[in-house]
Amino acid sequence: MLKRLRRRWQIIPTWIKVVPILALLAVLSAIHQSNIAHGSLLASSLHRLFFLPLFLASLLFGLRGGLICAALISLNFLPDILGYEGQALSQRLDILMEAALYFLTALITGIFVDRERREVMRLKRAENLALLGQAAAAVAHELKTPLVAIGGFAQRIYRDLEEGHPHREKLRIIVDQVAHMEQLLREMLDYSRPLELRLAAQPLNELVDEVISLCALLAQEAGIQLIKEADPDLDSQPMDGARMKQVILNLVQNAIQASPRGGRVRLSISQSPDWVQVEVADQGSGIPREHWDKLFFPFFTTKRGGTGLGLAISHKIVEAHGGTLELVKSNENGTTFRVVLPAKPLNHSPS
Ligand code: ADP
């Protein structure tokens with residue numbers, strides 16, 4: 001019932017919602033301007049009645065609506081504030097305070113309403129994504145087996161065809177595309193499955209070294225220098241080594257892909273008694289600010305052939321470790337991502 005009412009309310013055009021507020025404001029302003037209410041009970045409660053359209057505007061239109069309404073209400077008091085009718089200074093200050101109170105009320109109510117709306121939107125988006133994830137996982141599962149067969153047969157025929165055969169190049173494209181689709185399906189299933197960590201003491205230093213050697217060829221081809229900065233005496237940390245390697249690998253691959261030829265990708269490891277962190281910094285052209293909120297959402301990608309699942313999976317893995325993965329900085333001089341893990345042992349419960 002409430003949901004139906006809300007849905008109906010949402011399809012009402014904005015101007016229709018504005019009309020009752022403006023009408024109320026007009027009536028109250030007319031009473032204020034006229035002398036009808038002078039000295040009566042209405043005159044003393046009139047100022048409080050102005051809060052009615054103010055709350056309505058804030059609730060319906062958030063901060064912006066509330067502030068506009070406060071400004072319209074305050075127009076009524078402008079002549080008194082400016083002392084056109086010879087009001088004493090204390091009287092003028094009183095009225096000024098009252099106008100300020102309208103703005104303050106609009107500000108507080110508006111901020112709360114806006115925050116509430118953003119939260120509702122976020123939850124709705126998360127709900128949609130969860131549903132989409134379930135559907136995608138089911139489809140991915142069904143597609144995996146036939147795709148593996150297509151890829152396998154295509155690869156076999158490709159190998160059997162002699163160099164220069166007119167169909168060889170076409171088959172190579174099929175093999176590449178199927179490999180890409182298989183990767184997408186693998187990552188989709190990986191993202192949608194519950195994560196079970198196998199925690200063991202792991203030297204983060206060694207893990208980063210492994211990632212560097214895995215990425216060496218990619219970096220060399222792209223003309224990128226990989227640099228590691230770490231204290232050689234770093235302690236071992238309880239973590240799922242394979243999963244954390246996946247996280248750092250993804251960050252480094254993204255950094256290499258974003259960097260210009262001749263650039264550097266820096267991996268810095270540091271620790272304190274409470275946490276251990278890895279930063280991956282590149283010298284690429286940065287991530288536009290409007291993309292920052294979407295980076296960790298599944299399927300957000302700006303790359304041709306990208307899956308948009310690398311950061312989403314990495315985020316999930318780091319969170320399962322009780323840590324954080326965040327974008328620290330991104331501008332025209334480069335981008336830095338940071339993984340922070342708690343230094344104490346974890347009692348992990350699968351997510
Ligand atoms: P994919 O690499 O498949 O696109 P990711 O989830 O790893 O998926 O990354 C999502 C998007 O985030 C990328 O398409 C890219 O736009 C942006 N991104 C990630 N890392 C960087 C980086 N170091 N520099 C610039 N953009 C980045």
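Positions are given from 1, in the same order as the sequence printed here. In each ligand, atom 1 is the first atom listed, and ligand 1 is the first ligand listed.
A side-chain N or O of R243 and one of Q246 form a donor-acceptor pair less than 3.5 Å apart. Side-chain contact annotation: Y102 with E98, donor-acceptor N/O pair under 3.5 Å present. Neither side chain, S259 nor D282, offers a donor N or O lying under 3.5 Å from an acceptor on the other.
The shortest heavy-atom contact between A320 and L197 is O-CD1, 3.6 Å. Considering every non-hydrogen atom in both I287 and W292, the closest pair reads O-NE1, 2.9 Å.
With sequence neighbours excluded, no residue forms a ring pair (Phe, Tyr, Trp, His ring centres under 6.0 Å) with F337.
Ligand 1 is surrounded by N250, N254, A255, A258, D282, I287, L295, F300, T301, T302, K303, G306, T307, G308, L309, G310, L311, T335, F337, each with at least one heavy atom closer than 4.0 Å.
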